Colleague: 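One structure follows; several queries about it will come next.
Quick caveat, the model's predicted, so the values are computed rather than measured. Start at 1 and go down the list; that is how both ligands and their atoms are numbered.
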Amino acid sequence: MDMVMTGRRWVAKQLRKAGLDEDTAQWESRILVEKAMGFTKNQYLPTTTTMTQEQQDTLIQLTSRRCDGEPLQYLCGEWEFFGISFSVGEGVLIPRQDTETLVEAVLRLRRGQNSTALLDLCSGSGCIPIAIAKHLPAVQGDCVELSADAFGYLRQNLERYDVPITPWQSDVFTPPETLFQRRYDVITCNPPYLTAANMQNLQREVQFEPAMALDGGTDGLAFYRRLIPQWKTCLKVGGWLVTEVGQGQAAQVAAIMKQADLRQCHTETDLCGVERVVLGQLA
Ligand code: GLN
């Protein structure tokens with residue numbers, strides 16, 4: 001397998017043996033070969049290109065890790081979200097397409113505004129605040145992440161895109177007092193929301209992701225119950241709290257928002273037709 005073509009065929013075969021379907025195996029084989037050769041996605045890599053011994057060794061290693069279930073995104077070290085490439089790796093939740101629905105909802109809310117004060121809770125890689133900041137004028141604010149591993153990626157991504165959002169390494173339930181003094185136009189959050197049953201039944205790749213970013217307690221709603229009443233006080237009058245939710249949780253989260261006196265509670269649907277985002281406004 002000293003050529004890209006033979007390398008890809010070999011990788012695809014291993015991935016199929018490990019249980020991936022044909023299309024996915026083909027697609028991932030291309031990405032893994034590109035990664036092993038240090039190519040970026042936007043370059044064309046001719047299939048007749050020769051691979052050095054070192055590149056072949058790297059490819060063998062990457063393939064074996066992938067066959068053991070490690071997510072492709074961690075092996076690449078980068079993943080695209082909302083058209084932006086984020087550094088990711090073990091210890092941080094991989095940005096998902098579902099979450100683009102939340103970003104789009106915020107862009108619609110803030111269209112035409114000159115500036116936006118934004119707070120993002122449970123930030124992970126920082127994909128939400130960075131995508132928002134890249135698409136709205138004069139976004140500034142704060143974001144909060146507890147995990148030391150995730151915080152490293154968060155800081156790296158904020159620096160990489162030069163976004164004026166300050167990262168705070170803290171529990172969202174016991175934040176630095178200064179944060180509570182601030183007032184925001186928008187507070188976003190994609191908290192852990194999987195149920196105890198979901199946690200027992202994770203897809204193989206998801207088992208490599210931090211449980212801390214996934215586990216939302218017995219019914220998955222533990223974070224919403226505490227976060228919503230606690231942080232709504234940091235909204236400006238007219239400001240919006242915007243949260244991602246798991247499948248089937250929208251009505252319950254909207255009820256928690258109403259109970260916390262937020263108004264205009266409504267939901268947004270993702271590309272799969274799942275009610276994925278719940279919004280509420282401080283009147
Ligand atoms: N969407 C993730 C999953 O289903 C869960 C992320 C979260 O809990 N916020 O794997």
Colleague: For atom 4 (O) of ligand 1, find the nearest protein heavy atom and state the residue, atom name and distance (0.1 Å precision).
Modeller: Leu194 CD2, 3.9 Å
Colleague: Please identify which atoms of ligand 1 are closer than 4.0 Å to at least one heavy atom of Pro192.
Modeller: 8 (O)
Colleague: Given Gly220, Pro191, Ala211, identify the one with the heavy atom nearest to atom 9 (N) of ligand 1.
Modeller: Pro191
Colleague: Return the closest protein heavy atom for atom 2 (C) of ligand 1 as residue, atom name and distance.
Modeller: Arg96 NE, 3.3 Å
Colleague: For Gln247, look at atom CD and say whether over 12 heavy atoms of other residues, nucleotides or ligands are found less than 6.0 Å away.
Modeller: no
Colleague: Applying side-chain contact (heavy atoms from CB on, under 4.5 Å) between Leu279 and each of Val106, Leu262, Thr243, Leu109, report the one that passes.
Modeller: Leu109
Colleague: Between Ile132 and Ile187, is there a shared hydrophobic cluster once you connect ILVMFWY residues whose side-chain heavy atoms come closer than 4.5 Å?
Modeller: no
Colleague: Evaluate the side chain to side chain donor-acceptor pair (under 3.5 Å) criterion for residues Thr188 and Asp120: first the C-alpha distance (whole Å), next the side-chain angles of each, then the deciding distance (0.1 Å), finally the verdict.
Modeller: CA-CA 5 Å; Thr188 51; Asp120 183 53; 2.7 Å; yes
Colleague: What residue and heavy atom of the protein are closest to atom 1 (N) of ligand 1, and at what distance?
Modeller: Tyr193 OH, 3.0 Å
Colleague: With distance as the sole criterion, is a donor-acceptor pair present between the side chains of Gln61 and Asp57 under 3.5 Å?
Modeller: no
Colleague: Mark the output for Ala213 as yes if a heavy-atom distance to ligand 1 is under 4.0 Å, and as no if none is.
Modeller: yes
